[in-house]
Structure formats: structure tokens, C-alpha cells
Visitor: 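Have a look at this one.
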Amino acid sequence: MAIDLPLIWAAIIAFAVLAYVVLDGFDLGVGILFPFFPEKHDRDVMMNSVAPVWDGNETWLVLGGGGLLAVFPLAYATILPALYAPIIAMLIGLIFRGVAFEYRWRTQRCEFLWNWAFAGGSMLAAFAQGLALGALVQGIPVENRAYVGGWWDWLTPFSIATGLAIVIGYALLGATWLVMKTRGELAERARGVALRTALATVAAMGIVSLWTPFLEPVYLERWFGWPTAIFSVIVPLLVLGCLYLLLKGIRDRHDVQPFIAALGLFVLGYIGIGISFYPFMVPPSLTIWDAAAPDESLAFLLVGALVLVPMILTYTAYAYWVFRGKVDPEEGYH
């Protein structure tokens with residue numbers, strides 16, 4: 001039986017993107033929550049909670065983007081022209097927040113500027129990711145293997161809704177991360193934020209999920225046709241289960257359970273997108289096999305991926321293990 005290399009690579013790219021979303025999501029979420037915690041001590045602890053891992057989290061973004069270019073060049077060549085504006089905005093946001101990690105600790109007089117760089121960069125990056133996701137879900141027009149849409153096709157009511165949903169969802173991840181990593185009044189306030197953002201996240205997921213099937217006929221058939229319609233029942237039930245565990249974890253004052261449940265919400269949302277997309281790489285025009293590079297190239301690159309991906313996973317797991325537990329409030333970034 002022949003190995004379906006394009007499908008294997010689609011799974012690897014999907015995993016890399018999911019890893020980025022769940023790992024860098026709470027990192028961005030901490031920045032999004034920055035304006036709601038005005039005390040300098042709280043902000044110091046918040047930044048310290050993600051300082052050891054934030055740059056490693058973004059490795060998955062590089063892997064996903066670089067992998068897309070290498071193994072699905074046609075998808076890369078059509079997605080980027082359609083999404084230049086939100087992708088550039090995301091990169092600008094990530095640059096500002098990355099620089100803020102270094103400079104905020106080096107100045108007192110201009111510390112407020114780097115506070116806003118961290119918060120604003122996090123919000124911009126999260127919202128831009130949501131815009132890009134919404135634009136991709138609503139479909140990218142392709143003719144003769146090239147993008148044929150306009151400069152502003154990515155900006156629609158649906159993409160704005162997905163942008164706001166991602167910002168709210170990342171704020172939930174950030175709040176539950178703070179519950180898990182901090183103590184005292186900061187953790188208590190984070191519990192309250194987690195409660196509100198959990199309800200808002202599930203509401204946003206519901207709105208986007210009800211909207212999505214009516215964007216493309218293939219989505220409508222996928223979610224309401226048999227046998228895939230069974231997912232229209234299973235996925236919402238699992239979402240409600242994660243919400244219950246999240247709220248119960250907050251009520252019972254568990255530290256880890258709310259964060260794990262919040263990650264579960266994102267994983268389920270990602271699975272829902274995957275169910276809608278498959279087998280398209282660029283909906284509704286290019287399938288995984290249409291967009292893939294030659295099998296020889298995919299096989300050669302797969303050898304490298306089999307070495308690289310376990311290395312990244314090992315490093316990531318080791319970093320989180322080393323920096324496990326609560327943050328020391330007296331510890332600085334450097």
C-alpha cells in the first residue's frame with residue numbers, strides 16, 4: 001500500500017499550528033490581560049510567568065509556516081497574497097511584544113511604553129490571527145493556480161468576528177495560566193477573569209460555529225449531511241463538557257484543571273475547523289493533493305521532520321518541566 005505523503009504532511013502542519021495556538025495562545029493571553037492588572041508587581045509576575053517559554057512557543061509558528069512553504073508551495077503562494085495584511089500585522093505585534101520582554105526591565109521612565117508594546121502587540125497578533133483564520137475559512141478565490149481576489153477580501157464581518165473570538169479565547173488561556181502559575185490576589189483576580197472569559201469564549205465559539213456552515217455549501221453538507229452530521233452533536237457536547245470542567249475547576253479552586261479545560265476548548269474548536277476543511281488545503285479550491293510538492297520532495301523533507309519534530313517536542317517538554325510550579329514574585333526576567 002502506497003504511503004500518502006501529502007496527507008502525512010498535512011497532519012504534521014496541522015499539528016504544528018495547533019501546538020502554536022495552544023502554547024503561544026496563553027502567552028498572548030497574558031499580554032491581552034495586561035491592561036486589566038495595573039499594579040506594577042502584578043505585571044512583573046505576569047511577564048515572569050511566560051518569560052522562560054514564550055520564545056520557544058513561537059518555534060511552532062516557524063515550523064508551520066516554513067513547512068507550508070516547503071511541502072505545500074501552491075497553498076503558500078495563494079494564501080499569502082490573500083492574507084498579506086493580517087499576517088504582516090501579526091508579525092509586527094509579535095515583534096513589539098518580543099522587544100518589550102527585553103526593554104521593559106531596562107527602564108523605569110519609559111516602562112509604560114513597553115507595557116503598552118507588550119499589551120498592544122499581544123492584542124494585535126491575536127486579532128490578526130483571528131482575521132487570517134476567518135478569511136481562510138470563508139474561502140480564498142483561486143483561478144489557474146493563483147489568487148484572484150482583492151486587497152481587502154480578508155476584511156469581512158465574519159473575519160472580524162473570528163478575530164474577536166480569538167482575542168477572547170486567548171484571554172481565557174492567559175487567565176487560566178495565571179491561575180495555575182501565580183498566588184494570592186493576582187491568582188484570585190485571574191479566577192474572576194477566567195470565569196467571565198470562559199462564558200464569552202463558548203458564546204463566541206457558538207456564534208462562529210453557527211455562521212460557518214453557511215459560508216460554503218461544502219461546510220453545510222459536511223456538518224448537516226450523514227454521516228458527518230454526527231460531529232454536529234458530539235463536538236458541542238464535548239465543548240459543554242470542557243466548559244463544565246473549567247467552571248468547576250474555578251469554583252473548587254483547582255489550579256491546573258481550568259487551564260487544561262481551556263486548552264480542551266481550543267482543541268475542539270480546531271477539530272471543528274479540520275472537519276470543515278478536509279480535504280481542502282485552501283478552501284474551496286485546492287485540496288491537500290492539489291497543493292502538495294512532488295512526492296520525492298515530501299519524502300526527503302519527511303526524514304528531516306522525523307528528526308526535528310521530536311527534538312522540538314523534547315525541548316518544549318523539558319522547558320515546561322524545569323519551570324513548573326508557581327512563579328516566584330521576587331524573581332526577575334534576567
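Since the model is a prediction, treat every value here as computed from it, not as a measurement.
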Visitor: Same cluster or not: L246 versus M180, using hydrophobic residues (I, L, V, M, F, W, Y) connected whenever any side-chain heavy atoms lie under 4.5 Å apart?
Guide: yes

Visitor: L28 and L94: side chain to side chain contact (heavy atoms under 4.5 Å, CB included), yes or no, with the steps?
Guide: CA-CA 9 Å; L28 292 169; L94 293 176; 4.1 Å; yes

Visitor: Under 6.0 Å from the OH atom of Y318, do we count more than 12 heavy atoms belonging to anything else shown?
Guide: no

Visitor: Can the ring centroids of F231 and W223 be said to lie less than 6.0 angstrom from one another?
Guide: no

Visitor: Apply side chain to side chain contact (heavy atoms under 4.5 Å, CB included) to residues F26 and V50 and explain how you reach the verdict.
Guide: CA-CA 9 Å; F26 72 78; V50 296; 3.9 Å; yes

Visitor: Does V71 reach the side chain of S297, with side-chain heavy atoms less than 4.5 Å apart?
Guide: no

Visitor: Determine, using ring centers only, whether F101 and W54 are less than 6.0 Å apart.
Guide: yes

Visitor: Other residues, nucleotides and ligands only: do more than 12 of their heavy atoms fall within 6.0 Å of CD on E188?
Guide: yes

Visitor: Around atom CZ of F96, are there more than 12 heavy atoms from other residues, nucleotides or ligands closer than 6.0 Å?
Guide: no

Visitor: How many angstroms lie between OG1 in T78 and CE in M281, if you round to the nearest 0.5 Å?
Guide: 10.0 Å

Visitor: Do side-chain atoms of K326 reach the backbone of R183 as a donor and acceptor pair under 3.5 angstrom?
Guide: no

Visitor: Is any side-chain heavy atom of L286 closer than 4.5 Å to a side-chain heavy atom of R145?
Guide: no

Visitor: Can you tell me how far CG of L263 sits from CG of L268, rounded to the nearest 0.5 angstrom?
Guide: 11.0 Å

Visitor: Applying a strict under-4.5 Å side-chain criterion to I, L, V, M, F, W and Y, I'd like to know whether L80 and L69 cluster together.
Guide: yes

Visitor: Given the side-chain rings of Y20 and W60, with only the six-membered ring counted for Trp, is the space between their centroids under 6.0 Å?
Guide: no

Visitor: Report yes if some heavy atom in the side chain of I140 is under 4.5 Å from a heavy atom in the side chain of Y147; otherwise report no.
Guide: yes

Visitor: Would you give the length of the straight line joining atom CG of L61 to atom CG of L23, rounded to the nearest 0.5 angstrom?
Guide: 12.0 Å

Visitor: Side-chain heavy atoms under 4.5 angstrom apart, residues restricted to Ile, Leu, Val, Met, Phe, Trp, Tyr: same cluster for V179 and V30?
Guide: no

Visitor: Checking side-chain polar atoms at under 3.5 Å, does D4 have a donor or acceptor matched by the opposite partner on W289?
Guide: yes

Visitor: If you take all heavy atoms of I13 and F72, which pair is closest and at what distance?
Guide: CG1-CE1, 4.2 Å

Visitor: Got L247 and L195 here, is their nearest side-chain heavy-atom distance under 4.5 Å?
Guide: yes

Visitor: Given 3.5 Å as the limit, does a donor-acceptor pair link the side chain of D44 with the main chain of H41, or not?
Guide: no

Visitor: Side chains of T182 and W177: closer than 4.5 Å at any heavy-atom pair?
Guide: no

Visitor: Does the side chain of L7 come within less than 4.5 Å of Y278's, by heavy atoms?
Guide: yes

Visitor: Can a donor-acceptor pair be found, under 3.5 Å and without considering hydrogens, that links the side chain of R189 to the backbone of F36?
Guide: yes

Visitor: Which atom pair, heavy atoms only, marks the closest approach of F127 to I160?
Guide: CE1-O, 3.9 Å

Visitor: Set out, in order, the CA-CA distance, both residues' side-chain angles and the distance that settles side chain to side chain contact (heavy atoms under 4.5 Å, CB included) for V137 and F158, then state yes or no.
Guide: CA-CA 9 Å; V137 170; F158 179 76; 3.9 Å; yes

Visitor: State plainly whether the residues E58 and R97 are in salt-bridge range, i.e. N to O under 4.0 Å.
Guide: yes

Visitor: Between A262 and L173, which heavy-atom pair has the shortest distance, and what is it?
Guide: CB-CD2, 3.7 Å

Visitor: Kindly compute the distance separating CG (D252) from CG (L245), expressed to the nearest 0.5 Å.
Guide: 10.5 Å

Visitor: Answer whether the closest heavy-atom distance between the side chains of W9 and L301 falls below 4.5 Å.
Guide: yes

Visitor: Using side-chain heavy atoms (C-beta onward) and a distance below 4.5 Å, is F280 in contact with S285?
Guide: no

Visitor: Of the non-hydrogen atoms in I166 and G130, which two are nearest, and what is the gap between them?
Guide: CG1-CA, 3.6 Å

Visitor: Is it possible for you to say whether V21 and V62 belong to one hydrophobic cluster, with membership spreading through side-chain heavy-atom contacts below 4.5 Å?
Guide: no

Visitor: So, for T162 and G134, which heavy atoms are closest and what is the spacing to 0.1 Å?
Guide: OG1-CA, 3.3 Å

Visitor: So for atom CG, which belongs to L306, do other residues, nucleotides or ligands contribute more than 12 heavy atoms lying within a distance under 6.0 Å?
Guide: yes

Visitor: I'd like to know if I95 and I88 are part of one continuous hydrophobic network [Ile/Leu/Val/Met/Phe/Trp/Tyr, side-chain heavy atoms within less than 4.5 Å].
Guide: no

Visitor: Hey, what do you get for CG (L172) to CG (L199), rounding to the nearest 0.5 Å?
Guide: 9.5 Å

Visitor: Assess, by modelled atom type and distance only, whether the side chains of S159 and Q138 contain a donor and an acceptor separated by less than 3.5 Å.
Guide: no

Visitor: Looking only at heavy atoms, what is the nearest atom pair of L5 and D295, with distance?
Guide: CD1-O, 3.5 Å

Visitor: Does D255 come within less than 4.0 Å of R191, counting only side-chain N to carboxylate O?
Guide: yes

Visitor: Hey, could you give me the CD1/OG1 distance between I250 and T176, rounded to the nearest 0.5 Å?
Guide: 8.0 Å

Visitor: May I ask you to establish whether R43 and F34 are in a cation-pi arrangement, using a distance under 6.0 Å from NZ or CZ to the six-membered ring centre and at most 45° from the ring axis?
Guide: yes

Visitor: Would V142 and V148 satisfy side chain to side chain contact (heavy atoms under 4.5 Å, CB included), going step by step from the backbone distance to the final call?
Guide: CA-CA 6 Å; V142 177; V148 293; 5.9 Å; no

Visitor: Are Q129 and Y170 linked by a side-chain donor-acceptor pair shorter than 3.5 Å?
Guide: yes

Visitor: For the backbone of E39 and the side chain of D42, can you confirm whether one donor and one acceptor N or O come within less than 3.5 Å of each other?
Guide: no

Visitor: Please tell me whether W154 and Y84 form a close aromatic pair, meaning their ring centres lie under 6.0 Å apart.
Guide: no

